[in-house]
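Keep in mind that what you see is a predicted model, and the values were worked out from it rather than measured.
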Amino acid sequence: QVQLVESGGGLVQAGGSLRLSCAASGRTFSGYVMGWFRQAPGQEREFVAAIRWSSARTYSADSVKGRFTISRDNAKTTVYLQMNSLNPEDTALYYCAAQRGGSSYNTPGGYDYWGQGTQVTVSS
């Protein structure tokens with residue numbers, strides 16, 4: 001059974017940084033894409049960043065390019081999202097997700113497994 005457990009969320013002031021972690025277990029993830037999504041109250045879940053497990057190729061939404069970096073640690077089977085220069089518009093519940101193949105890396109519906117989410121709140 002695949003499990004994704006997020007951690008690292010919290011309250012931070014505008015301009016600050018946070019690093020989210022997603023501990024993945026239950027299978028090997030070569031051939032998978034791991035993604036981060038976020039959802040603010042009343043809004044749809046939106047793509048933030050993704051990484052192909054085997055090649056470590058990354059993808060990012062335009063809204064976070066230059067500020068957020070996704071990475072993975074093979075030995076720990078953990079995916080990270082380093083978030084810098086945070087602003088109040090980044091406030092949301094952040095989810096980790098896993099997709100076999102990865103043809104739809106920026107679409108929530110393309111993912112097979114989801115974590116429970118970790119809250120990020122950025123104060124102005």
Quiz item: Do Ser17 and Asn84 have side-chain N/O donor and acceptor atoms under 3.5 Å apart?
Solution: yes

Practice problem: Taking the side chain as every heavy atom from C-beta outward, state whether Met83 and Leu20 have any pair of such atoms under 4.5 Å apart. | Solution: yes

Quiz prompt | Ring geometry between Tyr59 and Tyr105 (parallel below 30°, tilted from 30 to 60°, perpendicular above 60°) | solution = parallel

Quiz item: Would you call Met34 and Ile70 a side-chain contact if the rule is heavy atoms closer than 4.5 Å?
Solution: no

Exercise. Taking the side chain as every heavy atom from C-beta outward, state whether Cys96 and Tyr113 have any pair of such atoms under 4.5 Å apart.
Key: no

Practice problem: Tell me whether Leu18 is reachable from Leu93 by hopping between hydrophobic residues (I, L, V, M, F, W, Y) whose side-chain heavy atoms are closer than 4.5 Å. | Solution: no

Quiz item: Can we call the ring centroids of Phe37 and Trp114 under 6.0 Å apart?
Solution: yes

Exercise. Would you mind reporting whether Val33 and Trp53 have side-chain heavy atoms less than 4.5 Å apart?
Key: no

Quiz item: Do Tyr95 and Tyr111 belong to the same hydrophobic cluster, where Ile, Leu, Val, Met, Phe, Trp and Tyr are linked whenever their side-chain heavy atoms lie under 4.5 Å apart, directly or via other members?
Solution: yes

Exercise. Evaluate the side-chain proximity of Ser55 to Arg57: yes if any heavy-atom separation is below 4.5 Å, no if none is.
Key: yes

Quiz item: Any side-chain heavy-atom pair from Val64 and Arg38 closer than 4.5 angstrom?
Solution: yes

Quiz item: Can you find a heavy atom in the side chain of Leu81 that is under 4.5 Å from one in the side chain of Val48?
Solution: yes

Self-check item: Side chain to side chain, Asn87 and Arg67, heavy atoms closer than 4.5 Å
Solution: yes

Quiz item: What class does the angle between the rings of Tyr94 and Phe68 fall in, given that below 30° is parallel, 30 to 60° is tilted and above 60° is perpendicular?
Solution: tilted

